[in-house]
2 protein chains.
Amino acid sequence: MAVSKAEIERRMERLAQTCRGGRLKLTHQRMEVFRELAGAEDHPDAETIYQNVRRRVPAISRDTVYRTLATLEEQGLVHKAEILSGRGRYDANMEHHHHFICTECGRVHDFYSRTLDDLPIPRSVASFGRVESAQVQLRGICANCAKGKR
Amino acid sequence: MAVSKAEIERRMERLAQTCRGGRLKLTHQRMEVFRELAGAEDHPDAETIYQNVRRRVPAISRDTVYRTLATLEEQGLVHKAEILSGRGRYDANMEHHHHFICTECGRVHDFYSRTLDDLPIPRSVASFGRVESAQVQLRGICANCAKGKR
DNA sequence: TCTCTAAACAAGAATGATTCCTATTCAGGA
DNA sequence: TCCTGAATAGGAATCATTCTTGTTTAGAGA
């Protein structure tokens, strides 16, 4: 079940609109990086995108791919799945808990909830595989950072 | 609200038991790395742990901290909060969705659920800050990897 | 208590992802 | 068509993490 041609076109059009709206240039590289994602369903990483786009734009650099992805994310055109900047965070609290992550300072707060511990997993997930753990991730601005911003 | 002395002792005892149980040595370094986590509530990263432990064990190396954290995680004594191996994964699908992550191959599958889109956030979270998004993360073994394992 | 050996360690090199730097190119408004 | 700031290429630099090699040591057994 690939992304339909029509949906890809719609997404490309949204890119064009967003660029016109902001003061962003609609460059060849930007279009090709986004096109790669517009048709993908497998959450590729930056390197994969780079390798694929390179077939069409041989001179493109890794840096451009990274920069473009960051720009697209800022513009709300793509979504980056990741917790933090890649640094693992550890704790010795083994009780089942969930996380509130401040997108500003990266601080993580634990919280507990019986209701959230026992989430209703949609039946469709079963086809992906066997679920071993479920966790809720909340993102937002922590009280501390919100204060500092004023 | 620091971790109580009693709870720290309980955790240290669990470490000792686990080491005796497996064929793990109860080394000075291992104890100090774990002690650091047993008393922490702020999900420190490896570097922070290294810097703190170094005050007590000046000769400890970063590698030992990383290795020890991995061992403790394997033994179920600590918990590592992180999505993937640090590589960001992108997609152009901006509809609100949740993720099933295969812990074996790292593949990510999207799924949708009205119920999960509107989770009951515990009141206590409000004191941490303003929540901007909520997402459910399921982890498990995908059908493909489960097949390959046999 | 002493000895022995696999497990664990220290130090620093290596790796892999990502970002920065600098000179060059180019999209799009005038 | 011309100009200018935004965007790019290429490669160096950075940051977290892992690997390699030689050394130390916990704890089992004599």
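Side chains included, hydrogens not; waters and symmetry mates left out as well; all remaining heavy atoms used. Below, read A as the first sequence line, B as the second, and so on, with proteins coming before strands; counting in each chain starts at 1.
Distance, A/I60 CD1 to D/dA9 P: 6 Å, rounded to whole Å. In this structure, A/M31 places its CE atom 15 Å from P of D/dA7, rounding to the nearest Å. Atom OH in A/Y66 sits roughly 17 Å away from atom P in D/dG10 (whole-Å rounding). Atom pair B/R62:CZ and C/dG12:P shows a separation of 11 Å (rounding to whole Å applied). Rounded to an integer number of Å, the gap from B/L69 CG to D/dT18 C1' is 13 Å. The interatomic distance linking B/R54 (CZ) with C/dA10 (C1') rounds to 13 Å, in whole Å. Summarising the geometry, the separation between CD on A/E32 and P on D/dA7 is reported as 17 Å, rounded to the nearest angstrom.
Of the two residues contacting DNA chain C, namely B/P58 and B/R30, the nearest-nucleotide position lying further toward the 5' end is that of B/R30. Mapping B/T64 and B/R23 onto DNA chain C by nearest heavy atom places B/R23 closer to the 5' end of the strand.
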Which atom pairs, donor and acceptor, lie under 3.5 Å between side-chain atoms of residues 121-131 of chain B and protein residues at least two apart or in another chain?
| from | atom 1 | to | atom 2 | distance (Å) |
| --- | --- | --- | --- | --- |
| B/S127 | OG | B/S124 | O | 2.8 |
| B/R130 | NH1 | B/E132 | OE2 | 2.9 |

Nucleotide N/O of nucleotides 21-27 of chain C paired with protein N/O under 3.5 Å:
| from | atom 1 | to | atom 2 | distance (Å) |
| --- | --- | --- | --- | --- |
| C/dA27 | N3 | A/K25 | NZ | 3.3 |

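Taken from CZ in B/R20 to OG1 in B/T18, the straight-line distance is 9.5 Å, to the nearest 0.5 Å.
Between the side chain of B/R62 and the backbone N or O of B/Y50 there is no donor-acceptor pair closer than 3.5 Å.
Partners of B/R10 according to the salt bridge (charged side-chain N to carboxylate O under 4.0 Å, His left out) rule, which considers only residues two or more places apart in sequence or in another chain, are B/E7.
Checked against A/D110 for a side chain to side chain contact (heavy atoms under 4.5 Å, CB included), the options A/E95, A/H98, A/H97 give a single hit: A/H97.
In this model, no donor atom of one side chain and acceptor atom of the other lie less than 3.5 Å apart for A/T71 and A/T68.
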